[in-house]
Peer 1: 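Supplied in C-alpha cells, the structure appears directly below.
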Protein chains: 2
Amino acid sequence: MGISDRKEREKEELKATILKAAHDLFLEKGVDKTSIRNIADKIEYSPGIIYHYFKDKSEIFHALHQQGFSMMNDRMVPLFSVSDPMERLKAMGRNYVDFALQNPGMYDLMFIKVTPMDHIQDEGIEKWKEGSQTFNGLRTTIADCIKAGYFKDQEVEPLAYMVWSTVHGLASLKIRNRCEVVNPDYQNTIVEQGLECMYDMIDPS
Amino acid sequence: MGISDRKEREKEELKATILKAAHDLFLEKGVDKTSIRNIADKIEYSPGIIYHYFKDKSEIFHALHQQGFSMMNDRMVPLFSVSDPMERLKAMGRNYVDFALQNPGMYDLMFIKVTPMDHIQDEGIEKWKEGSQTFNGLRTTIADCIKAGYFKDQEVEPLAYMVWSTVHGLASLKIRNRCEVVNPDYQNTIVEQGLECMYDMIDPS
DNA sequence: TTGATTTATTGAACACTGTTTAATTATATT
DNA sequence: AATATAATTAAACAGTGTTCAATAAATCAA
C-alpha cells in the first residue's frame, strides 16, 4: 500500500503548490487580478490541472480564506495569557488592525470580498468554523470584561459586534483608500489614532 | 447655434440613458456581474457606443459613485436642523446605516469597492469632493459635540474617523455576509443593536 | 437639391477570463 | 509486455473590456 500512500502525498503536494502560487500571486497582484492561467503559469502546469485539485476558483479562495484565519488565530491565541480582560480586549483590537494592515490581501479575502462567503453558503458549509472561532475569542473577552465590572448594562453579543465593526471599519476604510477625506496631517496615523480613540470610549479612565 | 445645442442635449441624454441602465443593472445583478455588453443590450445599442460617452467602465462606476454621494447628502442635509449636536450625531449614524442597508449596491460602490477610488487616483482628481463633503458634515457635528461638553480631551479628526469606522463596520460586515458568526438569535437585529451600543459608548447617560 | 464634411454608430477583432472535455501521456497492475 | 488506471494537456466555449476601421446618419456649403 506504499504506492497509494505516496500518490496521496504527491497529490497533496501539488495541491499545496497550487495554493502557494495562488497565495503569492494574489498578495502581489491582488485577488481580482490573479487568474487561473496566472497560477498555472507560475507552477508550470496547464490551466486544466487546477480543476483536478479544486472544484473551481472560489474553492481556492476559500482555502486561502481558511489559511488567513489560521494565521490570525495564531496571533490571537497568545493574548489569552493577558489576564486583565480590558487589557486583553485592547491588545486584540490592536492585533486585529495590525494584521489587517500588514496583510491587506489576506484581510480583503477574509472580511471584505464576497467570493469566499458565497462559496461557504453555496457548499452548505453550515457553520463558518474559522470565523466563529475568532469571533468567539472576542465574545469571551468581552464577557470577561463585563464580569470584571466594565460595560455596565450592556449585552455581550451587540457589544462584541460593535467592537468588531469598529476595528474592521478602521482597517477596511484604510485598505480601500477611503481615508483621503481625512485631514492630510492625520493621514498616516489615523488608524492608530482612531484605535486609541476607541480605547477611550470603551475604557474611560 | 440651436443645432449644436440640441446635439449637445442629445449627447447628454444618451449619456444619462447609459448611466440609468448601468444603475438599474448593477442594483439588480451587482456591480461585478454587470458588463458593458449587458448595458449595451439594455439600451439597444452596440457595445462600442459606450466608449464615446465614457472613457472606460470605471468612469461609469465613478459617475454612479458620485450619484450615490449626492443621494446620501440629500438624506444628511435635513439633519442639520437638529440643534442638539449629540442627537444630530446619533441621527447621522442611523441615517448612514439605513442608507447602507437600503442601498447595498450603492453603498458597495461608495465605500467598499476598489474601482471608483482607483479611478479617482488615476485621473488625478485631487480632492474627492463628494466624499469630503459628507465627511465634513460628520466632522462639524463632532466639533459641535465637543463644544457642547461631550468627548472630553478628544480630538475631532480621530473621533470622526472612529465613528465613521464604526458605522461603516456595522453596515459592511452585514452587507458582506460576515454576520453568520453572530448568535442566530441576534442575526436580524445585530446592526441595530450594535448601533445602540455605540450610542451608549459615545453618550453614557 | 446636390455633394462634401463631419459626426454617430456599428461590427468585427484582440487579448483576456473561468471552465469543460476529449485526447494524450505517464504510471501501476496483472 | 499488455492492459488498466490515473495524471496531464490542448483545444474549445462562452464570456469579459476595449479598440478601430468601416458604415450610416446628420449637418453644412454650393
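Chain A is the first sequence line, chain B the second, and so forth, proteins listed ahead of strands; every chain is numbered from 1. Heavy atoms only: backbone and side chains are in, while hydrogens, waters and symmetry mates are out.
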Peer 1: Which residue pairs satisfy the salt bridge (Lys or Arg N to Asp or Glu O under 4.0 Å) criterion with at least one member in residues 165-180 of chain B, sequence neighbours excluded?
Peer 2: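 Residue pairs passing salt bridge (Lys or Arg N to Asp or Glu O under 4.0 Å), neighbours aside: Asp108(B)-Arg176(B).
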Peer 1: Could you go through residues 86-94 of chain B and list every donor-acceptor pair under 3.5 Å that involves a side-chain atom there, pairing it with any protein atom two or more places apart or in another chain?
Peer 2:
| residue | atom | partner | partner atom | Å |
| --- | --- | --- | --- | --- |
| Arg88(B) | NE | Thr141(B) | OG1 | 3.3 |
| Arg88(B) | NH1 | Val82(B) | O | 2.9 |
| Arg88(B) | NH2 | Asp144(B) | OD2 | 2.5 |
| Lys90(B) | NZ | Asp203(B) | OD2 | 2.9 |
| Arg94(B) | NH2 | Glu192(B) | OE1 | 3.3 |
| Arg94(B) | NH2 | Glu192(B) | OE2 | 2.7 |
| Arg94(B) | NH2 | Glu196(B) | OE2 | 3.2 |

Peer 1: Heavy atoms under 4.0 Å is the rule here; annotate nucleotides 9-19 of chain C 5' to 3' with B where the base is hit, S where only the sugar-phosphate is, and - elsewhere.
Peer 2: BB--B---BBB
Peer 1: From CZ of Phe26(B) over to P of dT16(D), roughly how many Å is that when rounded to an integer?
Peer 2: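 In whole Å, dT16(D) P and Phe26(B) CZ are 17 Å from each other.
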Peer 1: What salt bridge (Lys or Arg N to Asp or Glu O under 4.0 Å) pairs are there with at least one residue in residues 58-79 of chain A, not counting sequence neighbours?
Peer 2: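 Counting only pairs at least two positions apart or across chains, no salt bridge (Lys or Arg N to Asp or Glu O under 4.0 Å) contact touches residues 58-79 of chain A.
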Peer 1: Quick one: ring pair (Phe, Tyr, Trp, His ring centres under 6.0 Å) pairs with a partner in residues 121-144 of chain A, sequence neighbours left out?
Peer 2: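 Every pair satisfying ring pair (Phe, Tyr, Trp, His ring centres under 6.0 Å) with a residue in residues 121-144 of chain A: His65(A)-Trp128(A), Phe69(A)-Trp128(A), Phe135(A)-Trp164(A).
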Peer 1: Does Ala148(A) have any side chain to side chain contact (heavy atoms under 4.5 Å, CB included) partners at least two apart in sequence or in another chain, and if so, which?
Peer 2: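 Testing Ala148(A) for side chain to side chain contact (heavy atoms under 4.5 Å, CB included), a comparison that skips the adjacent residues, returns Pro85(A), Tyr150(A).
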Peer 1: Figure out the CZ/C1' separation between Phe54(A) and dT20(C), and round it to whole Å.
Peer 2: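 Between C1' of dT20(C) and CZ of Phe54(A): 18 Å.
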